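Here the structure comes first, spelled out in structure tokens, and everything after it is commentary.
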Amino acid sequence: MIALVDVNSFYASCEQVFRPDLRGRPVAVLSNNDGCVIAVNREAKALGISMGRPAFENMTRMELHGVTVFSSNYPLYGDMSQRVMETLATLGASLEVYSIDEAFVEVPALERDLAGYGHRVRERVMRWTGLPVGVGIAETKALAKVANHVAKRERDRTRNVFVIADEAARAACLESFPVEEVWGIGGRIAARLADRGVRTAGDFTRLPDAWVRKELTVTGLRLKRELLGEPQSALELVAPAKQMIGTAKSFGETLEDEGLIREALAYYVAECGEKLRRQSSLAGHLTVYLETNRFRESDPQYVNQTCVRLPVPTNDTLELTRHAERGLSRIFRAGYRYKKVGVWLSGLVSPGAVQQDFFVEDPGIRRANVMGVMDAVNRKYGKAALRTAAAGFRRDQWKLRQERVSPCYTTRLGEVMRVTSDE
DNA sequence: TCTGGGGTCCTAGGACCC
DNA sequence: TCTGGGGTCCTAGGACCC
């Protein structure tokens with residue numbers, strides 16, 4: 001059996017762990033640039049704060065009801081995530097980390113009391129990390145996802161744990177489960193299914209294989225089988241190396257100056273270069289992406305991207321920066337107010353697989369050493385403490401807005417909590 | 001005024017190979 | 001006049017996820 005364990009409103013819960021005064025009170029967390037509401041706890045949801053919508057649409061209501069609002073604090077969430085995963089690893093036979101706040105856990109084979117197991121998972125994660133989780137247990141990943149959804153709706157004492165134990169339970173559960181909530185059914189597909197009169201997950205499992213294969217590709221067919229209780233994939237125990245690494249972030253304000261955009265781009269390239277070296281990959285292609293603010297309809301709009309093929313795959317930030325700058329000058333047009341620049345590294349290979357180019361000088365071991373030093377310095381003294389000249393000194397003019405960010409309680413020594421006593 | 005970021009998988013179609 | 005067949009690789013684009 002497989003358990004899908006996820007943290008309830010993860011980002012909001014992380015903030016609450018370190019703010020006991022906010023227990024039982026409404027909390028919301030905003031996306032990068034304080035743009036959208038991306039996490040709300042139960043109390044905030046009850047007040048009608050809508051997730052995924054722009055922050056400004058919700059601000060009046062949030063202020064009115066005293067919702068505590070945070071900018072997102074990814075160093076904190078990443079660290080808390082690791083603690084949750086380490087805790088889950090002590091409970092399961094094996095573990096697939098699926099996202100920052102969820103994991104598939106293989107229930108130990110000898111476990112007889114599945115609901116009891118689910119509650120033990122909840123209790124241990126709560127005791128060790130302070131975070132509340134929901135647990136769905138079933139025969140396949142897709143069914144465990146369904147069970148997890150149901151767990152959140154349960155109102156009685158079994159709340160937050162739900163088990164699809166046998167065939168009868170599976171069938172009954174799917175008949176009342178809306179098809180658009182099934183994992184892998186998004187808005188587009190749900191609309192097409194609705195046209196065919198498919199409303200529930202149960203309806204979906206009765207569609208002919210041939211139709212599903214033709215209209216929804218093999219992914220749809222696998223999903224159907226998983227919902228019928230036939231596992232289509234094993235747990236991925238080791239996270240595979242990424243096939244793409246990228247960063248594309250909005251500026252705090254729109255920018256017209258190519259020089260500033262170039263600095264932001266160089267800064268993002270350095271972030272990607274570091275991720276690339278951490279997984280020991282080299283990139284063969286680099287895509288630069290540039291965009292104006294599409295919501296400002298009165299502004300002239302421009303969006304473009306260009307792909308640069310690197311002469312020899314590399315993970316050298318200086319080399320990557322040079323190519324990114326070339327890409328930017330290909331697509332930059334003066335006279336627009338730009339909102340976002342991004343870079344994506346793809347065609348990732350491991351160093352052993354590289355074909356050297358006779359006509360291109362290999363920057364060689366000395367450059368690799370420079371990168372090693374740069375990474376070590378930045379680990380010790382903080383992000384971008386040592387950076388390329390191209391990343392510049394004007395970050396204040398383009399960095400994203402983060403006006404309500406909480407302290408990095410667990411990852412920065414200067415920001416750990418102080419406990420005092422009145423005597 | 002203010003509208004996120006970072007990925008994955010699949011397919012179709014073109015280029016190219018023998 | 002008549003112009004093959006069976007592949008692989010790559011990229012763009014669509015759909016999805018959290």
Side-chain angles (χ1 to χ4, degrees), chain A residues 4-11 28-39 50-60 62-63 69 71-74 77-78 81 96-104 141-142 145 148-149 180-193 212-223 232-233 236 239-254 268 271-272 275-276 279 284-285 287 289 291-299 305-309 337 339-348 400-404:
Chain A
L4 188 265
V5 182
D6 80 333
V7 182
N8 302 342
S9 17
F10 179 54
Y11 297 170
V29 179
L30 307 182
S31 63
N32 268 341
N33 231 21
D34 294 348
C36 290
V37 177
I38 53 167
S50 44
M51 202 157 106
R53 298 297 310 164
F56 68 87
E57 284 180 8
N58 282 290
M59 219 32 114
T60 318
M62 293 199 285
E63 278 167 9
V69 179
S71 302
S72 33
N73 181 346
Y74 289 102
Y77 310 149
S81 171
E96 173 182 335
V97 176
Y98 177 67
S99 76
I100 192 165
D101 77 326
E102 39 183 312
F104 291 103
K141 288 185 185 178
K145 274 279 204 180
N148 180 277
H149 266 249
E180 67 271 17
E181 287 179 24
V182 170
W183 184 38
I185 304 287
R188 308 289 171 102
I189 292 176
R192 276 153 68 197
L193 290 173
V212 175
R213 173 69 183 82
K214 180 155 177 293
E215 297 293 322
L216 309 182
T217 78
V218 296
T219 318
L221 197 53
R222 276 185 216 141
L223 179 59
Q232 300 295 300
S233 68
E236 248 168 24
K242 297 213 185 315
Q243 302 173 31
M244 248 183 184
I245 290 174
T247 286
K249 283 190 270 252
S250 302
F251 310 125
E253 312 280 338
T254 51
Y268 299 160
E271 288 182 346
C272 294
K275 283 190 197 170
L276 199 59
Q279 71 162 34
H285 301 263
T287 302
Y289 174 88
E291 174 180 49
T292 51
N293 185 349
R294 64 180 183 282
F295 294 102
R296 201 130 85 188
E297 286 169 14
S298 53
D299 274 10
Q305 64 181 57
T306 182
C307 181
V308 181
R309 181 189 290 264
R337 305 165 66 168
K339 183 63 179 170
K340 186 190 281 189
V341 70
V343 58
W344 287 89
L345 305 177
S346 57
L348 305 192
L400 42 81
R401 267 194 306 276
Q402 270 193 312
E403 286 167 5
R404 303 149 183 271

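Since the structure is predicted, the reported quantities are computational estimates derived from the model, not experimental observations. What you see below is based on every heavy atom in this structure, not just the backbone, and it leaves out hydrogens, waters and symmetry mates. Proteins get letters first, then strands, A, B, ... in listed order; numbering begins at 1 in each.
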Spacing of the P atoms in C:dC17 and B:dT3 (rounded, Å): 25 Å
How far, in whole Å, is B:dC2 from C:dC18 if one measures between their P atoms? 30 Å
Per [X] side chain, nearest of listed nucleotides [options]:
X: A:Phe295; options: B:dC2, B:dC10, B:dG4; result: B:dG4
X: A:Ile38; options: B:dG5, B:dT3, B:dG4; result: B:dG4
X: A:Arg309; options: C:dT11, B:dC9, B:dG5; result: C:dT11
X: A:Trp183; options: B:dT3, B:dT1, C:dC17; result: C:dC17
X: A:Thr217; options: B:dG4, B:dT11, C:dA15; result: B:dT11
X: A:Phe56; options: B:dG7, B:dT11, B:dC2; result: B:dC2
X: A:Ser99; options: B:dT11, C:dC18, B:dG4; result: C:dC18
X: A:Asn32; options: B:dT11, B:dG4, B:dG6; result: B:dG4

Atom pair distance, as rounded to whole Å: [atom1] in [X] and [atom2] in [N]:
X: A:Tyr98; N: B:dC9; atom1: OH; atom2: P; result: 10 Å
X: A:Tyr289; N: B:dG5; atom1: OH; atom2: C1'; result: 12 Å
X: A:Gln402; N: B:dC2; atom1: CD; atom2: P; result: 19 Å
X: A:Gln243; N: C:dC9; atom1: CD; atom2: P; result: 15 Å
X: A:Tyr11; N: B:dG4; atom1: OH; atom2: C1'; result: 10 Å
X: A:Arg188; N: C:dA15; atom1: CZ; atom2: C1'; result: 8 Å
X: A:Arg337; N: B:dT3; atom1: CZ; atom2: C1'; result: 16 Å
X: A:Gln305; N: C:dT11; atom1: CD; atom2: P; result: 13 Å

Taking only N and O in the side chain of [X], is any of them less than 4.0 Å away from OP1 or OP2 of [N]?
X: A:Asn293; N: B:dT3; answer: yes
X: A:Thr247; N: B:dG6; answer: yes
X: A:Arg213; N: B:dT11; answer: yes
X: A:Lys275; N: B:dG5; answer: no
X: A:Lys145; N: C:dC17; answer: no
X: A:Lys340; N: B:dG4; answer: no
X: A:Ser250; N: B:dG5; answer: yes
X: A:Arg222; N: B:dC9; answer: no

Specify the residue among A:Asn33 and A:Ile245 whose closest nucleotide of DNA chain B lies further upstream toward the 5′ end. A:Asn33
Reading DNA chain B from 5' onward, which residue's closest nucleotide shows up sooner: A:Ala241 or A:Gly52? A:Gly52
[X] side, atom [atom1]; [Y] side, atom [atom2] - distance, nearest 0.5 Å:
X: A:Lys275; Y: A:Leu345; atom1: NZ; atom2: CG; result: 9.5 Å
X: A:Tyr268; Y: A:Trp344; atom1: OH; atom2: CH2; result: 13.0 Å
X: A:Leu30; Y: A:Arg401; atom1: CG; atom2: CZ; result: 10.5 Å
X: A:Asn32; Y: A:Gln402; atom1: CG; atom2: CD; result: 6.5 Å

[X] near the nucleic acid: base, sugar-phosphate alone, or nothing, with a heavy-atom cut-off under 4.0 Å?
X: A:Asp34; value: nothing
X: A:Gly187; value: sugar-phosphate
X: A:Ala248; value: sugar-phosphate
X: A:Val182; value: sugar-phosphate
X: A:Ile189; value: sugar-phosphate
X: A:Ile185; value: sugar-phosphate

Is there side-chain contact between A:Trp183 and A:Lys141, with at least one heavy-atom pair below 4.5 Å? yes
Side chain of A:Ser31, backbone of A:Ile38: donor and acceptor closer than 3.5 Å? no
Is the side chain of A:Ser71 donor-acceptor paired with the backbone N or O of A:Asp34 at a distance under 3.5 Å, no angle test? no
If pairing means Watson-Crick or G-U wobble with both distances under 3.5 Å, then the partner of C:dG7 is B:dC16
Are A:Lys145 and A:Glu102 ion-paired here, with the side-chain N under 4.0 Å from a carboxylate O? yes
